[in-house]
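Report on the structure given below.
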Amino acid sequence: MPLALYALAIGGFGIGLTEFGILGLLPEVATDFGVSETTAGYLISGYALSVALGAVLLTAALLRFDQKKALLGLMILFIAGNLVSALATDYSMMLVGRILAALCHGAFFGIGTVVATGLVTAERKAAAIATMFAGLTIANVAGVPLGTLLGQAAGWRSTFWAITIIGIVSFVSIIILVPSTSSSGEKPAPGVLRREITAFKNPQVWYSIVLTILGFGGMFGAFTYIAFTLTDVSGFVTGAVPWLLIVFGAGMVIGNIISGKLTDRFPARTLLIAFIGLTIVLALFAAFAQNPIVTIAALFLMGGFGFGTVPPLQMRIMSHAAAAPTLASGANVAAFNIGNAVGAWLGGLTIGAGLGYTSPLWVGAAMTLGALVVLLIAGRLRGGEFTRARAEVPATATV
């Protein structure tokens, strides 16, 4: 894989720490600012909604700029947001920092996905996407647990200082390794925004967005309050949470790698299996969360099937967006985070209603089941992957 992909992965690593790192520290942040668990959860759902906003608006605004310069500008915004979070003196200031950092998230992955696929041959596009998103998964295996340990030992602010430093490293890496206008060596032609918007006339693009909201949102909604589930339901001590997050992160890394390879060959089957597996795992986790052994296994599988949806979901929308994939890619990243926000919000509602800390798992299972139903319907409509006209072939052939 080209070295530029690893520069993008470093950026994904820092973004992954920002998005997920607070999960293991949510109890500490809630205590420090004197807010409830549900209110503290808005730091996650608010982040997700801001990602969705930035993914569409910033991606559209940056279409006419050199992709490398766009990525560098987004990393500056990312660094600034984490600085504000590290210096936050109250909950409102913390929320502002989270929003600033989140605005760059969606546009970074939206533009970065197009850059990544432009660096490789057609038969390796899904693998290239998986490589870029590997930074996000590695953040969960090593970064998030270590960040949680650091935050618990030296205060949660220390974690955001560390993320700020990683953002600077990413900025320098992009300067050195990512070529300007990596896909073509030319600046975008006039009318690029109009051409990108035209891609949304395809109904399958919208079905892809719905699939992402329900499918990935189900996983993340279940994961948002996982620290409370692990300690209050499964019976683990607080100090075990970082190590349990490593299990989840390991599943993410393995699921992402396997899915990236399979998606280049069997995109429809890969997505179908991921949704089925995730639905079953979340339901079993909810039913048997009191069992520590089941909990550990479920964490690993939840990460594997959950992140196994990312390459096929991203490739699906890009294939249906055809020659104008950048804004569609950004919109799909927005959909990931709209789903995150919806899942976290619904999970918070069930906890607030007194249904317990396993209720977000049931919410996640229901959302993922909904995604499976939508996939089965959309796949049989015109242009869908289950129609005779679109036999199971590599999605890269249509990108």
Side-chain angles (χ1 to χ4, degrees), residues 6-30 32-33 40 42-51 53-55 58 62 68-109 111-112 132-178 242 245 249 333 337 340:
Y6 299 104
L8 296 175
I10 293 173
F13 178 73
I15 290 173
L17 287 178
T18 302
E19 181 175 19
F20 299 118
I22 196 172
L23 291 172
L25 297 171
L26 206 59
E28 287 81 1
V29 173
D32 196 13
F33 289 134
Y42 295 152
L43 293 173
I44 298 172
S45 56
Y47 181 97
L49 288 173
S50 299
V51 171
L53 184 66
L58 284 183
L62 294 172
K68 178 176 180 177
K69 292 180 180 178
L71 292 172
L72 290 173
L74 292 169
M75 286 311 301
I76 291 174
L77 185 62
F78 170 81
I79 293 168
N82 282 287
L83 273 175
V84 172
S85 294
L87 296 170
T89 56
D90 55 33
Y91 177 82
S92 297
M93 186 175 177
M94 179 70 176
L95 185 59
V96 169
R98 294 283 292 169
I99 291 173
L100 286 176
L103 287 174
C104 88
H105 179 137
F108 182 88
F109 279 114
I111 295 172
M132 183 188 70
F133 277 94
L136 197 63
T137 61
I138 292 172
N140 283 273
V141 174
V144 170
L146 291 176
T148 302
L149 285 173
L150 176 63
Q152 290 177 345
W156 60 265
R157 298 177 192 276
S158 62
T159 300
F160 285 93
W161 282 113
I163 295 172
T164 301
I165 294 173
I166 293 171
I168 295 172
V169 173
S170 174
F171 182 85
V172 174
S173 299
I174 293 172
I175 290 178
I176 296 173
L177 298 175
V178 176
L245 293 179
V333 175
N337 289 274
N340 295 352

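When the side-chain contact (heavy atoms from CB on, under 4.5 Å) test is applied to I168, the partners found at least two apart in sequence or on another chain are I79. The side-chain hydrogen bond (donor to acceptor under 3.5 Å, both in side chains) check on T18 picks up N82, with sequence neighbours excluded. Residues satisfying the side-chain contact (heavy atoms from CB on, under 4.5 Å) test with L100, not counting sequence neighbours, are L77, V84, V96. Among residues two or more places apart in sequence or in another chain, the side-chain contact (heavy atoms from CB on, under 4.5 Å) test is passed with A134 by T137, N256.
For the atom pair CD1 (I166) and CG (L17), the distance works out to 4.5 Å, reported to the nearest 0.5 Å. Between F171 atom CZ and I176 atom CD1 the span is 11.0 Å, to the nearest 0.5 Å. Between atom CG of residue L95 and atom CG of residue D90 there is a gap of 10.0 Å, rounded to the nearest 0.5 Å. One distance of note links OG of S170 with CG of L72; it measures 8.5 Å at 0.5 Å rounding. A distance of 9.5 Å separates CD1 of I99 from CG of L53, quoted to the nearest 0.5 Å. Rounded to the nearest 0.5 Å, atoms CG (L71) and CZ (F109) are 11.0 Å apart.
Contacts classified as side chain to side chain donor-acceptor pair (under 3.5 Å) and involving residues 91-108 (residues at least two apart or in different chains) are given here: Y47-H105. Within the structure, side chain to side chain donor-acceptor pair (under 3.5 Å) contacts touching residues 153-167 (residues at least two apart or in different chains) are D32-W156.
Between F108 and I174 the shortest side-chain heavy-atom distance falls below 4.5 Å. The side-chain heavy atoms of L177 and Y6, taken from C-beta on, include no pair separated by under 4.5 Å.
Minimum heavy-atom separation, L150 to A162: CD2-CB, 4.2 Å. Closest approach of A7 and V178 over heavy atoms only: CB-CG2, 4.0 Å. Of all heavy-atom pairs between A107 and G54, the closest is CB-O, 3.9 Å.
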